[in-house]
Amino acid sequence: MILFLRRYLDSRLATFGLALVLIVVFAALFGHWLMPFDPEAQDIMQRLKPPLWRGEGGLHLFGTDALGRDIFSRLIAGARVSLLVGVASVIISGTIGVTLGLIAGYEDRYAGRILMAITDIQLAIPFLVLALAMAAVVGPSLWNIVVILGLTNWVQYARVVRAESLVLREREFIQAAQTMGISVPMILMRHLLPNVMSSVIVISSLLVAKMILFESSLSFLGLGVPPEMPTWGTMISEGRNYVGNAWWVATVPGFAIFFTVVGINLSGDRLRDLLDPRLRQVDS
């Protein structure tokens, strides 16, 4: 583990990305103690104040929005929502995709072909269109968004895990397990799953960033979480009408999304380099 961490930190870009991710995680976990103001507290007398404005209640580091709410406090509150949606939706999609991929790869007969046919059908439907349609039907809700994103992104796991399972099932240790009469669920869980986890980890790390972007897009369009819940996408949507005279209202949450996604992608790229055997040979 120490050797792996050293090799990971050898990359300056990966270290920078990890630092960005840790900052966002720290803000999401301990944001209650970091918020200088109530993120929902309104003060019309202090609306659209610029960054570093010191009002009656204290310093507004990133200024205030059109309702006088502190942008820094809302930014921290939005970090919680973004990470919750990103991680929870990836857990759902990963569970579904890995399970179906293992079954389709090991049982490459009728069941496997049917599962892959379903995967191909879903891949043919544009994700954003599908997510928008589902969000419009079920309505804006935090857990609705988590479920929608989880149910529409499992295909990436399924295809990768199936491809690796097709190769692994021909290996000697799988054939030995079959000869010993070990049940199929046990073979999938104890023999196939551990050997595909490196790919699953890499996909998950990169998919979290994608889910944060999609959640922000849906919230920007008013189809994400409820409007009263602070999210980065909602903050950008609320601030787009004030870009000319109060650029910070939309720009600050935009930079938060940018740096979070960049940090996750840099970290995920380094994980891929270390966990992929082919890339690891080149790197060494």
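These numbers come from the heavy atoms of this one structure, side chains and all, not from hydrogens, waters or symmetry mates.
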Side chains of [X] and [Y]: does their closest heavy-atom pair fall under 4.5 Å?
X      : Y      : answer
Trp154 : Thr119 : yes
Phe26  : Leu22  : no
Ile174 : Tyr106 : yes
Arg80  : His32  : yes
Asp120 : Arg159 : yes
Ser216 : Ile236 : no
Leu13  : Asp269 : no
Val21  : Thr260 : no

Where [X] and [Y] come nearest, the two heavy atoms and their spacing:
X      : Y      : result
Ala27  : Ile76  : O-CG2, 3.4 Å
Leu166 : Arg169 : O-CG, 3.3 Å
Leu206 : Ile264 : CD2-O, 4.5 Å
Ser89  : Leu149 : CB-CB, 3.7 Å
Leu83  : Ala28  : CD1-CB, 3.6 Å
Asp70  : Gly63  : OD1-O, 3.8 Å

Quick check: does any side chain N or O of [X] sit under 3.5 Å from a backbone N or O of [Y], one acting as donor and the other as acceptor?
X      : Y      : result
Trp53  : Pro50  : no
Trp232 : Phe255 : no
Ser82  : Ala79  : no
Thr64  : Gln46  : yes
Thr95  : Ile91  : yes
Arg270 : Ser267 : no
Thr234 : Pro230 : no
Arg47  : Ala66  : yes
Arg162 : Leu100 : no

Please report the interatomic distance [atom1]([X]) to [atom2]([Y]), rounded to the nearest 0.5 Å.
X      : Y      : atom1 : atom2 : value
Phe259 : Ile23  : CZ    : CD1   : 10.0 Å
Met180 : Ile187 : CE    : CD1   : 10.0 Å
Ile44  : Arg69  : CD1   : CZ    : 9.0 Å
Glu164 : Asn195 : CD    : CG    : 9.0 Å
Ser141 : Ile148 : OG    : CD1   : 9.0 Å
Leu188 : Leu193 : CG    : CG    : 8.5 Å

task: Find out whether the Lys NZ or Arg CZ of Arg74 is both under 6.0 angstrom from the six-membered ring centre of Phe62 and within 45° of the ring's axis.
output: no
query: Would you find more than 12 non-hydrogen atoms of other residues, nucleotides or ligands less than 6.0 Å from Met189 atom CE?
result: no
- prompt: Are Ile212 and Leu20 in one and the same hydrophobic cluster, where Ile, Leu, Val, Met, Phe, Trp and Tyr link if side-chain heavy atoms are under 4.5 Å apart?
  reply: no
field: Residues Thr99 and Tyr157: side-chain donor-acceptor under 3.5 angstrom
entry: no
field: Of Ile257, Leu75, Val249, the residue whose pairing with Met235 passes side-chain contact (heavy atoms from CB on, under 4.5 Å)
entry: Leu75
